[in-house]
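See structure below.
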Amino acid sequence: MVFVKFGARDLTFTPCGTHLAATLPRVHNIRLHNPEGPWHLVVWSATKGHRIALPSSALGLRVNGGFAFKPLTATADMVVACPLLHAAPMTADTMGQFMSRLEVYDLGRKERMLKQDIPVRAPVAWSPGGGRLAGVAASDPSRIVVLGIGQRKDAIAKMERVLMKHEDDVTQLAFLPPGTHSSGATTALVSAGKDWCLRVTCVESGRTLQKIEIGARAPAKMLQVSHDGQLVVTVWGRDVVLWYLGSGRVHNYNLNAVRLSEGWPLCVSPDCSILSGMAAEANLPCASLLKKHIDKMVWIDKINQAVAKSVVGRWFKLDGCGHVSASSKQPKERKNSYFLTEMRAGLATFFAMAYIIAVNASIVSDTGGTCICNEPVVGGALPCADNTEYLLCKADVKKDLVTATAAISALGSFCMGLFANLPVGIAPGMGLNAYFAYTVVGKHGIGSVPFEVALTAIFIEGFIFFALALFGLRQWLARAIPRCIKLATSVGIGLFLTLIGLTYAEGIGLVVGGTSVPIALAGCPSGSLDEAGQCPDSVKMRNPVMWIGIFCGGVFTAMLMMYRVKGAIIAGILLVSIISWPRSTPVSYFPHDALGDAAFDFFKKVVDFHPIQKVLNVQEFNIGEYGGQFGLALITFLYVDILDCTGTLYSMARYANLVDPVSQDFEGSTMAYMVDSLTITIGSVLGTPPVTAFVESGAGIGEGGKTGLTAMSTGLCFFISIFFAPIFASIPPWATGCVLVLVGSMMVQAVTDINWSYLGDSLPAFVTIAIMPFTYSIADGLIAGICLYILINTLVWIIEKASGGRIVPPNKDLKEPWTWRTEGGIMPPWMGRLAKGRKDFWRNSPSPSVSDAEGVSETIEGKTAGSDPDTAVATGRSDKTA
């Protein structure tokens, strides 16, 4: 074991692995001056631990750290390059300035091979053959300089190329072994910068071959490439990042996982099997077997790669599947989409949506379903409120609806994933079910339309939706909505989710509808609410389940997400649920009352299948006496569901980066709308209100879901919940409340993309954002924003035309362009191909068409991957020289 003095930095192994090198401060070196103090190179034997003697000329001063050992050769195994700073000649113009110098030492022979003033600073890295040395330009640390180095003593370093890639200082460099990159580049360079990016750059052409962003809290302080060039190990603060170049897979670890301390220089052995640094427990130097952590993830990569290369991977366009568009010949892979990640994301979506099983059944069963109540309405009192036979029938209807809700959610989510390849779950929509239960049918059936006739309206609505989707009208509507309204929809839904998560019905109960104000602070036990539904001041913020939800479901989940713990959302929901299941506790989901006893009796069954008996296939098509009310219900369901589902699907697709920037459509839109339409019709047969895309799908997308496998995983979970309904129906609302708040916080990030510079775009967007949560309706927010957008911009157009173009807003040139003539037109592409007489009209055209919206290519700095225009610039030809 090697014991290194405190204050050392830049710890690294020599290429042969027999020695360990670092730099130590040298206080009494008066020849060189630097605010950071002088540093010199120290080398120890890795096996015996003793320090080897170095030539006196090897004492060097470096800025921003970083010496580099030359790759192992037959003649030399300890050749090191050290970029230094030395004081400039003492003149009136250069007094107090420093000059960059590069020195190369052969530590084995104890002689200096090169000493040259050249504008290069650390970090530096040797090419595999030892003929090139890459470093950072002294005048611009965001540029990488490539030097040609002679093999003989007293050779001269010649500047070959300047690579302009990073947006901030480059902190680490390393060359890949020749020809190991999948692009076929002969010489490639890996670099890490303070712009939190890792890049693989072709040295010859200057193209960016690969790029990932690392959301770390500190710059990279170590970078190592494996012998085969397939693994890049970096350390960013406390995060150990493993980047597999072949698959593009990224694994994150915390230094706690390898039991090392952050405040100590770290290094990785050349074969990337050992991570060396300071032991966290004993405060002593130690080496950790990084290989075991790599091996632990190898089987995950093998599974992901095997699935990606299979038919499943090609169908869902997983990363690494090699799927190429037949029309545009462009890759159609969805970057960073992996099979096991999709499965985990599906679980997150399910746990965020699972409350709908209990909530929808509770809301719809208030109608009484097909139960018959012969008591008249007297004085506004609810009929059959004390009728035991009716209430028993109503309880059976609720059990039917638990099964029906889980079944239609399973079918819809599975089909959405399989056919539309979208990570979006489908279930009976909140808001639509309340409108169905309390406005159309009414509590205990006192509304204007009977339960059976209302289901008929939903049945017909589904087929109308299907026709609109088939002929492209729903897709055209999504594309024709102005961009500012679409972005505002994502933000508004985020706030809408936040409000849901703060209420009693589906959240932690932090707010309640006010009397003197629209919303009032709550936080008291639900039994403490007064007759007006308000919390008395004496018990506000004293609800223990609210605090359990905040700390265990909110803060705990947020901390896990900050440290990138996989499955953080699932962990938070499970923790709160497990705490809330035991009885006789202040936070129990099963209080000792009639409702709690019934819920606990159902929970104790664990596994139970309840067949649908009272609400299955009960549509009544004889609608003659309900014509007006039936038509009103049908139209209301129609426009609310169109706007609600369209806005939600677009927002989720944008959150998953699946929206085409040209056509403003998302991949698989036609099939998604058709699946949604048919699921509405099938759901009505099972006895449920209209189903729609769920905004809670954002929980799964936040976990990394990008393909339909996420929705299929959610669908399978809903299918299992049919048999485990007692368990899944017992997830308390305060377990998912803070999760919805976290998802909302991620969705509102789109607010920065809204055009706030022009009032004609910003005001409708703001109204859309505000109306959605305040009216508890996505559709109302969309209607308000679209109407205001049309009104304002139409008036501006009329004034401009009437004045002959003389009266226009001063900043109208900042307005985002909009036209109803969207790319591809109103009709779907297949109709155009059918009109031209093509027999295979269902196939995509050979020429690329943005209206097909088949995929979204990966972009790097605004350019398509593989066509990066940043090319290598010869020295003296660039506008900024090194």
Side-chain angles (χ1 to χ4, degrees), residues 213 317 332 334-337 345 349 352 416-417 420-426 474-498 642-673 676 692-708 710-711 740 742-756 761 764-765 768-769 772 778-779 781-782 785-786 789 816 818 822-823 850-859 862:
E213 294 186 4
K317 304 171 187 175
K332 294 175 61 178
R334 295 186 181 176
K335 293 301 179 183
N336 299 321
S337 60
T349 299
M416 178 65 75
N421 196 19
L422 290 175
V424 179
I426 287 182
R474 286 185 73 174
Q475 298 87 307
W476 173 82
L477 176 64
R479 295 195 299 267
I481 295 175
R483 180 176 179 270
C484 62
I485 301 296
K486 293 177 183 177
L487 295 173
T489 300
S490 297
V491 181
I493 290 177
L495 296 179
F496 180 57
L497 279 178
T498 301
I642 282 181
L643 296 178
D644 197 344
C645 182
T646 299
T648 303
L649 276 176
Y650 180 86
S651 299
M652 293 299 103
R654 187 182 183 280
Y655 188 31
N657 294 322
L658 300 178
V659 175
D660 191 306
V662 178
S663 66
Q664 288 297 301
D665 198 2
F666 57 89
E667 183 176 355
S669 59
T670 299
M671 192 58 68
Y673 291 129
D676 175 62
T692 186
F694 252 57
V695 291
E696 284 82 352
S697 302
I701 297 174
E703 281 287 333
K706 294 180 179 294
T707 73
T710 295
L740 298 182
L742 288 171
V743 173
S745 70
M746 291 184 283
M747 294 190 66
V748 298
Q749 296 175 9
V751 73
T752 58
D753 297 329
I754 296 175
N755 179 25
W756 297 106
D761 291 331
T768 302
I769 294 171
M772 282 188 183
I778 297 173
L782 270 172
I786 292 173
Y789 182 92
E816 290 182 336
W818 175 87
T822 59
E823 291 285 344
V850 295
S851 61
D852 289 339
E854 291 185 355
V856 182
S857 60
E858 182 195 18
T859 59

Between [X] and [Y] (side chain of the first, backbone of the second, donor and acceptor by atom type, cut-off under 3.5 Å), is there such a pair?
| X | Y | result |
| --- | --- | --- |
| Asp761 | Glu816 | yes |
| Ser697 | Gly425 | yes |
| Thr349 | Gly700 | yes |
| Thr648 | Cys645 | no |

Decide yes or no for [X] and [Y]: does some side-chain heavy atom of the first lie under 4.5 Å from some side-chain heavy atom of the second?
| X | Y | result |
| --- | --- | --- |
| Met652 | Met747 | yes |
| Met772 | Val491 | no |
| Ile485 | Leu782 | yes |
| Leu658 | Arg334 | yes |
| Ile769 | Ile754 | yes |
| Asp753 | Arg483 | yes |
| Tyr673 | Leu649 | yes |
| Thr707 | Lys317 | no |

Indicate the atoms forming the closest heavy-atom contact of [X] with [Y], along with that distance.
| X | Y | value |
| --- | --- | --- |
| Pro482 | Trp818 | CA-CD1, 3.8 Å |
| Gly704 | Ala345 | C-CB, 4.4 Å |
| Pro423 | Thr710 | CB-CB, 3.8 Å |
| Ala765 | Cys484 | CB-O, 3.7 Å |
| Thr768 | Ala488 | CB-CB, 3.9 Å |
| Gly702 | Tyr655 | CA-OH, 3.7 Å |

Atom [atom1] in [X], atom [atom2] in [Y]: separation rounded to 0.5 Å?
| X | Y | atom1 | atom2 | value |
| --- | --- | --- | --- | --- |
| Ile426 | Thr692 | CD1 | OG1 | 7.5 Å |
| Asn657 | Ser337 | CG | OG | 12.0 Å |
| Leu487 | Arg654 | CG | CZ | 4.5 Å |

